[in-house]
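Just so we're on the same page: letters track the sequence lines, and every chain starts at 1.
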Number of protein chains: 2
Amino acid sequence: MIKTTLLYEGKAKKVWNTQDPDLLVSEFKDSLTAFNGEKKSTEAGKGELNNKISTELFKYLNEKGISTHFVDMLDANHMLHRRAEVIMIEVIVRNIATGSLSRKLDIKEKTVLPFTLVEFDYKNDALGDPKINDQHCMILNLVKDEADLEYIRYMARRINNILSDFYAGVDIKVVDFKLEFGYDKNDNIILIDELSPDNFRLWDADTNEKLDKDRFRDGIGGLTDAYSLVLERIQSRQGKV
Amino acid sequence: MIKTTLLYEGKAKKVWNTQDPDLLVSEFKDSLTAFNGEKKSTEAGKGELNNKISTELFKYLNEKGISTHFVDMLDANHMLHRRAEVIMIEVIVRNIATGSLSRKLDIKEKTVLPFTLVEFDYKNDALGDPKINDQHCMILNLVKDEADLEYIRYMARRINNILSDFYAGVDIKVVDFKLEFGYDKNDNIILIDELSPDNFRLWDADTNEKLDKDRFRDGIGGLTDAYSLVLERIQSRQGKV
């Protein structure tokens, strides 16, 4: 599949059109941003790791019956996927309180939440991705039907269950993560974007060592080593190593 | 009813215990704050106007079958009301986009919303009253049962319908407002707090002139004149002038 024109460039990916109008190619970049773009860096090899980790997780979710945009990994930095109309909601799923949740609502860091929390943020960098409720989603015309919001919450919880179990098998805790969804050409809601440690907080189950982008946010360093460890553990479970 | 000990002092009211454990007295102050307490002032007569306006509206709601904490107006600055366990949610009801909604979600000022929007803010000054969803309310133990949140939304819409109709009769538009609710001694949810132009954006129906605390927020002046006009119009409808 050959990239044609650039459709969109984001903070961590470029998305390209292809000869097939139903298919796109995502190119995973090495650039990193945090705090709504205020902190920036580049980590050689990060894009490749995110592409490989996302590929493994999309394949696993597809095996479990979850509809995603994933089609194939093309090479180290490129993923082939279906075109979707992006739903401009960042779906935040939280199992353990940390980061902005702890700060904004004064919930003690590392509190295991009594149930999995699903939050909607308006995907709008200029506005700082504000928290919104279902009624805001309707007023902003972010979904085609109010029931779509219930379905998105349901899918977010399903995906959390599947991936938390998967990661538990390789001694990693899924603390929280961000998902994005889109409408496919038949208006089915499918999982899109990426499933990498850029968007998932992952802690070592024994030591609580951070294996995700918080290493960059917190200035700890060792980011690609941590992402490599995540990939190795995933591959060990998949029986590929 | 005689005030005994001070139970609580807020930005615009003092709340006193009385000899009767089920009853409290609210003393309406002339002080004004905005922008989460950053801007402060005092307007002589404001407390009295808010007490009188709130009294008229609580009486009207009670006549319409809405359960409120209101018992009686005692004198110019004092209201007698039932004790309630305050639910720490600021219930924001919006008919027309303005203020923080327009700013935070980039919705054009004065847009008439396609339906009445009900938002929940966590009533917590130190945290800046952040927006929360139903799941946050449960995690923070703000209500006794998840169904209470549906009931609060339902009541907020009912109260909006009643008060919007009431104010329309005196040529005032109800743009948006903040309500608070509490549990009475039998765990019934009742409307508490005040119903004044400190918490209601009210625009003249013909001229869109602001008749509320935005005159202070925006530095327009003429605040007590505007509140007096609101009270006069309410009293004219009530057949008292």
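Residue-level contacts of residues 143-163 of chain A with chain B, in order of numbering, are Arg153(A), Arg157(A); threshold 4.5 Å between heavy atoms. Contact residues of residues 83-98 of chain A toward chain B are absent (heavy-atom distance under 4.5 Å).
Chain A forms more heavy-atom pairs under 4.5 Å with one residue of Val118(B), Thr111(B), Leu101(B) than with any other, namely Val118(B). Highest contact tally toward chain A, considering only Ile132(B), Leu117(B), Asp134(B), is held by Leu117(B) [criterion: heavy-atom pairs under 4.5 Å].
Counting heavy atoms from C-beta outward, Lys104(A) and Tyr122(B) have side chains that stay 4.5 Å or more apart. A heavy-atom distance below 4.5 Å is found between the side chains of Asn133(A) and Glu119(B).
Both the backbone and the side chain of Asp106(A) come within contact range of chain B, each with at least one heavy atom under 4.5 Å from a heavy atom of that chain. For Leu140(B), the part lying near chain A is the side chain, with the backbone staying farther off; criterion is any non-hydrogen pair under 4.5 Å. With a 4.5 Å cut-off on non-hydrogen atoms, Leu113(A) touches chain B through its side chain but not through its backbone.
Taking each heavy atom of Phe115(A) and Gln135(B) in turn, the nearest pair found is CZ-O, 3.6 Å.
Counting non-hydrogen atoms of other residues, nucleotides and ligands closer than 6.0 Å to NZ of Lys11(A) gives a total above 12. For Lys39(A), the NZ atom is densely surrounded, since the number of other residues' heavy atoms within 6.0 Å is greater than 12.
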